[in-house]
Amino acid sequence: MASDEAAAQIKGWFTGRLPEEWFTEAPEIVLDREEIAVLGTLPEPGSEGSDVEKAALIEGLIGRFREETRERRIEIAKEAERRFRQKVSWGVVCGDTTVMFTTLSVPVMTRLRQQERQVLDTLVAAGVARSRSDALAWCVRLVGKHTDTWLSELRDALQHVDRVRSAGPDVNS
């Protein structure tokens, strides 16, 4: 997890670096140890037409944005990756639709007991997941969806610990 100062620097850099005409507001920057995800909001189309027509319109707007900005996004991502030593992922929000264009898939090592492995194997056998790895990712998404408030409070507490720790004496000198 990035320190508050590093997060502010990354957010400020992207906000200043991205073309103003790309998004309707400053992009949301989501950070973890390996990845910087840049999520921008596109202008929402008018409400005329059916739900099917509006969904297709949003899909078209997102596709056009993705194609028209690809080279520039790659250029900015390479610059950010050199500067911040993290991979950059891109995505957009348009209306109620969120689409990530690129995401980093990071291997995670874990040790599970037999009962926990059996849960994963059941998900694979039922066709919910293709592999234990997919089953574990499915479980993590499910927990994240149902515990958003709790995880948010936990992240806030961790940020508070980081602030307190950084305000303390420097023991490395």
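The shown structure was predicted, so the numbers you read here are calculated from the model rather than taken from an experiment. The analysis underlying the following values was restricted to heavy atoms, covering all of them including side chains, and did not include hydrogens, waters or symmetry mates.
- Contact annotation: the side chain of Val30 never approaches that of Ser89 to less than 4.5 Å [non-hydrogen atoms, C-beta and beyond].
- Between the CD atom in Gln118 and the CG atom in Leu112 there is a gap of 11.5 Å [rounded to 0.5 Å].
- Heavy-atom minimum distance, Ala135 versus Val124: CB-CG2, 4.4 Å.
- Shortest non-hydrogen contact noted between Leu61 and Pro43 is CD1-O, 4.3 Å.
- No donor-acceptor pair under 3.5 Å is formed between the side chain of Glu34 and the backbone N or O of Lys87.
- For the atom pair CZ (Phe84) and CD (Glu79), the distance works out to 9.0 Å, reported to the nearest 0.5 Å.
- Following chains of ILVMFWY side-chain contacts shorter than 4.5 Å, one can reach Ile29 starting from Trp13, so the two form part of one hydrophobic cluster.
- Between Arg17 and Glu75 there is a salt bridge, since a side-chain N of the basic residue sits under 4.0 Å from a carboxylate O of the acidic one.
- For CD of Glu59, the number of neighbouring non-hydrogen atoms (other residues, nucleotides, ligands) closer than 6.0 Å is 12 at most.
- In this structure, the separation between CZ on Arg66 and CZ on Arg64 is 15.5 Å, given to the nearest 0.5 Å.
- Residues Phe65 and Leu57 do not share a hydrophobic cluster, defined by chaining ILVMFWY side chains whose heavy atoms lie under 4.5 Å apart.
- Arg132 has its side chain out of reach of Leu136: every pair of non-hydrogen atoms, C-beta onward, lies at least 4.5 Å apart.
- Arg83 contributes no side-chain N or O that, together with a main-chain N or O of Ile10, makes up a donor-acceptor pair within less than 3.5 Å.
- In this structure, Glu5 places its CD atom where only 12 or fewer heavy-atom neighbours from other residues, nucleotides or ligands lie under 6.0 Å away.
- Phe23 places none of its side-chain heavy atoms less than 4.5 Å from the side chain of Glu28.
- Salt bridge present: Glu67 and Arg70 bring a charged side-chain N and a carboxylate O closer than 4.0 Å.
- Across all their heavy atoms, Ala37 and Met100 have their closest contact at CB-CE, 4.2 Å.
- Here the side chains of Arg163 and Gln159 are in contact, with some heavy-atom distance below 4.5 Å.
- Shortest non-hydrogen contact noted between Thr97 and Ile62 is CG2-CD1, 4.0 Å.
- In this structure, the separation between CZ on Arg113 and CZ on Arg111 is 11.0 Å, given to the nearest 0.5 Å.
- The closest side-chain heavy-atom distance from Leu18 to Val38 is below 4.5 Å.
- Linking ILVMFWY side-chain heavy atoms closer than 4.5 Å, directly or via other members, places Val52 and Ile58 in two distinct hydrophobic clusters.
- Of the candidates Val99, Thr69, Ile36, Ile76, Ile76 is the only one forming a side-chain contact (heavy atoms from CB on, under 4.5 Å) with Trp90.
- No salt bridge links Lys54 with Asp51; every basic N to acidic carboxylate O contact stays at or beyond 4.0 Å.
- Both Phe101 and Leu42 sit in one connected hydrophobic cluster of ILVMFWY residues. Membership requires side-chain heavy atoms under 4.5 Å apart, directly or through other members.
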